[in-house]
Amino acid sequence: MANHYPNDKLKIFSLTANEPLAQEVAEQIGLPLGKLSVKRFSDGEIQINIDESIRGCEVFVIQSTSNPVNDNLMELLIMLDALMRASARTINVVMPYYGYARQDRKASSREPITAKLVANLLEKAGADRVIAVDLHAPQIQGFFDIPIDHLIAEPILTEYFQSEGLGGDDLVIVSPDHGGVTRARKMADRMKAPIAIIDKRRPRPNVAEVMNIVGNVEGKTAILIDDIIDTAGTITIAASALIESGAKEVYACCSHPVLSGPAIERINNSQIKQLVITNSIKLPESKQSPKIKQLSIAPLLASAIIRVFENKSVSTLFE
């Protein structure tokens with residue numbers, strides 16, 4: 001892309017959740033990040049000041065609502081209010097990772113649908129558009145009454161595995177549950193490989209039990225694909241089950257490396273040969289591992305931002 005984007009009405013701001021990714025996106029577009037200061041009072045209250053004029057500008061704010069989820073969400077809402085009051089022409093929220101996306105329905109009585117609540121909050125605070133990457137459930141798009149562009153990271157993950165020479169008849173793409181079959185099918189179609197499905201049940205959050213493997217994995221290299229890896233329980237149990245069922249080796253990949261609690265220890269001690277992730281969530285040094293390979297989604301986000309700004313189709317990015 002050009003070294004300097006030829007329009008001063010485009011502004012890109014980063015909040016504190018994932019500044020390295022935002023910096024990379026801005027560099028791809030050829031713009032400096034907008035000037036702002038984020039401060040905290042001694043009791044944790046957040047104060048934001050935008051340190052340049054944005055009157056009449058199309059503003060893109062990059063913020064993942066990852067850990068600490070509530071701080072990052074509140075920071076984003078306060079920023080939207082500041083932008084609205086500073087007369088931004090349009091306010092576009094770029095959420096590489098949409099926190100609370102797993103609470104997208106009432107799974108049992110008297111439960112909230114928190115993914116919908118977050119959508120309401122973003123709209124109420126002033127968002128005109130949302131750009132999100134790999135929502136946990138595509139129907140979350142329907143929770144918004146403003147335009148939402150849903151980007152997918154699977155082509156980036158697929159391209160990496162192809163560059164590593166994986167493919168052909170001895171490859172199988174595996175969905176760790178029934179809910180991820182569409183995601184696995186897309187990767188399988190690109191890599192011209194069959195798919196398998198792990199039939200699991202989840203007795204309580206962050207606890208998974210493998211029941212069965214649907215499909216042939218014997219003698220094959222397996223690639224497990226998921227959208228979120230949190231405590232890594234599901235993915236490591238799935239890898240063990242695949243090896244026990246005769247898989248030659250197991251790779252895993254995901255869009256959102258939440259990697260909380262015992263995740264890194266589990267991955268390091270697992271049958272997974274390599275875990276390939278994106279940088280939708282910042283990976284601190286404490287969570288880095290020789291088994292983990294991180295790919296950048298900055299070019300994808302930069303292309304989407306420019307297409308939105310220039311009123312061009314975003315879906316053509318995936319054709």
For Arg40 and Glu75: C-alpha separation, side-chain torsions, deciding distance, then whether salt bridge (Lys or Arg N to Asp or Glu O under 4.0 Å) applies.
CA-CA 10 Å; Arg40 277 171 170 73; Glu75 209 177 82; 3.1 Å; yes

Is any NZ, NE, NH1 or NH2 atom of the basic residue among Arg183 and Asp134 found under 4.0 Å from an Asp or Glu carboxylate oxygen of the other?
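Salt bridge flag = no for Asp134 with Arg183.
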
Please determine if Lys273 and Glu249 form a salt bridge, counting it only when a charged side-chain N lies under 4.0 Å from a carboxylate O.
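Counted as a salt bridge, because a side-chain N and a carboxylate O are separated by less than 4.0 Å.
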
Quick one: does [X]'s side chain get under 4.5 Å of [Y]'s, heavy atoms only?
X	Y	answer
Met191	Met187	yes
Tyr98	His136	no
Leu317	Ile152	no
Val314	Ile131	no
Asp227	Tyr97	no
Arg190	Phe161	no
Arg129	Thr90	no
Asn7	Glu58	no

Test item: [X] side-chain N/O and [Y] main-chain N/O as donor-acceptor pair under 3.5 Å:
X	Y	result
Asp81	Met84	no
His150	Leu135	yes
Glu123	Asp145	yes
His256	Val133	yes
Lys186	Pro155	no
Glu52	Lys35	yes

For [X] versus [Y], what's the shortest heavy-atom pair and its separation?
X	Y	answer
Asp8	Cys57	O-SG, 4.1 Å
Ser245	Ile213	OG-CD1, 3.3 Å
Leu33	Ala26	CD2-CB, 3.8 Å
Pro112	Gln103	CG-OE1, 4.1 Å
Ser280	Ser255	OG-O, 3.0 Å
Ala137	Asp104	CB-OD2, 2.9 Å

So, taking the atom named [atom1] in [X] and the one named [atom2] in [Y], what distance separates them when rounded to the nearest 0.5 Å?
X	Y	atom1	atom2	value
Ile148	Phe143	CD1	CZ	10.5 Å
Phe41	Gln47	CZ	CD	4.5 Å
Gln63	Leu76	CD	CG	6.0 Å
Lys291	Asn269	NZ	CG	7.5 Å
Ile292	Ile267	CD1	CD1	5.0 Å
Leu171	Lys248	CG	NZ	9.5 Å

Could you check whether atom [atom1] of [X] has more than 12 heavy atoms from other residues, nucleotides or ligands sitting under 6.0 Å from it?
X	atom1	answer
Glu218	CD	no
Lys106	NZ	yes
Glu265	CD	no
Asp169	CG	no

With side chain to side chain contact (heavy atoms under 4.5 Å, CB included) as the test, would you mind laying out the steps for Leu122 and Met95 before giving the verdict?
CA-CA 11 Å; Leu122 291 170; Met95 297 179 84; 3.7 Å; yes

Do [X] and [Y] belong together in a cluster built from hydrophobic side chains that touch within less than 4.5 Å?
X	Y	answer
Val214	Ile225	yes
Ile305	Phe318	yes
Leu10	Met79	no
Ile235	Ile264	yes
Val94	Ile78	no

Checking Ser289 against Asn268 for the side chain to side chain donor-acceptor pair (under 3.5 Å) test, could you report, in this order, the C-alpha distance in whole Å, the side-chain angles of both residues, the deciding distance, and whether it holds?
CA-CA 7 Å; Ser289 155; Asn268 287 339; 2.6 Å; yes

Given Leu259, Ile281, Val258, Ile277, the one that forms side-chain contact (heavy atoms from CB on, under 4.5 Å) with Lys287
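The passing option is Leu259.
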
So if I apply the side-chain contact (heavy atoms from CB on, under 4.5 Å) rule between Ile12 and each of Leu301, Leu31, Val61, Asn92, which one comes out positive?
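Exactly one pass, corresponding to Leu31.
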
Determine, step by step, whether Ser66 and Asn72 satisfy the side chain to side chain contact (heavy atoms under 4.5 Å, CB included) criterion, reporting the C-alpha distance in whole Å, the side-chain angles of both residues, the deciding distance to 0.1 Å, and the verdict.
CA-CA 7 Å; Ser66 49; Asn72 287 333; 4.1 Å; yes

May I have the step-by-step check of side chain to side chain contact (heavy atoms under 4.5 Å, CB included) for Leu15 and Ile48, ending in yes or no?
CA-CA 10 Å; Leu15 294 171; Ile48 291 179; 4.0 Å; yes

Going through the checks in order, is the side chain to side chain contact (heavy atoms under 4.5 Å, CB included) test met by Val59 and Phe13?
CA-CA 7 Å; Val59 178; Phe13 287 90; 3.6 Å; yes

Worked verdict on Arg102 versus Asp230 for salt bridge (Lys or Arg N to Asp or Glu O under 4.0 Å)
CA-CA 11 Å; Arg102 286 173 283 186; Asp230 189 348; 2.8 Å; yes

